[in-house]
Student: 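Before I ask anything, here is the structure I am working with.
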Protein chains: 2
Amino acid sequence: MPRVTGTKKAILEAALQLAATKGITGTTMDEVAELAGVAKGSVYYNFTNKDQLFEELMEQGVGALAEVLREARSGLHGWSAIEALVDTLLGRIQENSALAKLMAAEMFRTDRAWQKTLFALRHEALGEFAAAIAESAPAAKNNGTSELMASSVFGAVLMGGLEWLVFEPERSREEVAATILQALGGQLRPA
Amino acid sequence: MPRVTGTKKAILEAALQLAATKGITGTTMDEVAELAGVAKGSVYYNFTNKDQLFEELMEQGVGALAEVLREARSGLHGWSAIEALVDTLLGRIQENSALAKLMAAEMFRTDRAWQKTLFALRHEALGEFAAAIAESAPAAKNNGTSELMASSVFGAVLMGGLEWLVFEPERSREEVAATILQALGGQLRPA
DNA sequence: GTCTATATTCTGATAGAC
DNA sequence: GTCTATCAGAATATAGAC
């Protein structure tokens, strides 16, 4: 994947920022062009149509996330791997909250043109969590619930992270990471 | 809150089903009218405009959820209360997956006309989780992270529940509830 | 209360000059 | 590669008959 620069990059960035607050359907190509500082014709020169623009956006974003998670887990095992994944995911949510909002909104949509592409990348990103969970909780591995549990853990970090950034931004990242890990680490259940 | 019946009810139900798959912005008033089996004029007779229709929809849905959670927790404490809340929320997600999808998509939008209304109800629903968590994890209560932890737990159930309904519908509800509770109950962390 | 018909605005997309 | 101008269709909302 060659890195995107120049006009194309500006358009993708503008589209991401707009879609994070207004949603994809609520974002118009006119707005994208204006925020990117180019004419609408240039948007259509770089992307076939609106669907293709947002497909490429999601593909790049989720693809990069999956790669970062893979690196974060490499060499680690069990609870340490889960800690690293949670911390890394939270970091990505902080640095790219626009993409996080977009993912939360799009993750369970089943009517998109790019559904298949997104599903594959989603599966890849969740797979990192599932693998770490299978190591840490053998019971989950045996009855095949690793992926389901991975979704729960991912959801905990995503919702917790967005709660932080949107409603309690005064907290430190360390505090938020620790809080989420406590919720997942059995602190809720008495010994 | 008087229960809504007849035409108004049909319109709200149609709007919910459509918005669950196409999103609110992607749902047109023509489609709502058609699915509800009424003319568009009747939609505008019952609701001032599109925003007001969906505000009422979200208000009813999230309000009912908050009430159900309150009942589920009453009389219970500590981990038992959390178990009951998780199980009840999962049940609501199963029975009303359309609303669950809508909530996931709308929860962190900050540009909606009805943002304030939704925020208050969201806070109310999360408050049930936060209260149970404050009892169960005194540390969270002391440093004021109960609400943040509540968001994480809510996110775990919501994402886990939707993963189940959208991607692994062959599983039983009991199995899903147990899996999510394991993730939250410290099964991931070695003793 | 419900309908049909219509006004008006918005939006995705294209054509063609530079 | 980028721009301006423009079209065709869609979407919100209203008016007025029944």
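Just so we're clear, the structure is a prediction, and the values are computed from it rather than from any experiment. Convention: sequence-line order gives letters A, B, ...; per-chain numbering from 1.
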Student: I'd like to compare against my own output: the B/S/- annotation of nucleotides 2-18 of chain C with a strict under-4.0 Å heavy-atom distance to protein.
Tutor: BBB------SBBB----
Student: Thinking salt bridges, do B:Asp51 and B:Arg112 make one under a 4.0 Å N-O criterion?
Tutor: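 Salt bridge: no.
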Student: Keeping the roles fixed (side chain from B:Ser172, backbone from B:Glu175), state whether a donor-acceptor pair exists under 3.5 Å.
Tutor: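 Yes.
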Student: Under the 3.5 angstrom rule, does the side chain of B:Thr27 hit a backbone N or O of B:Gly23 as a donor-acceptor pair?
Tutor: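 Yes: the side chain of B:Thr27 pairs with the backbone of B:Gly23.
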Student: Quickly work out the B:Phe47 CZ to D:dT12 C1' distance and round it to whole Å.
Tutor: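 About 16 Å, once rounded to whole Å.
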Student: Heavy atoms only: give me the nearest A:Leu69-A:Ala125 pair and the separation to one decimal.
Tutor: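 Closest pair (atom of A:Leu69, atom of A:Ala125, distance): CD1-O, 3.9 Å.
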Student: Which heavy atom in B:Met149 sits nearest to a heavy atom in A:Gln182, and how many Å separate them?
Tutor: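 Taking B:Met149 first and A:Gln182 second, the nearest heavy atoms are CE-OE1, 3.6 Å.
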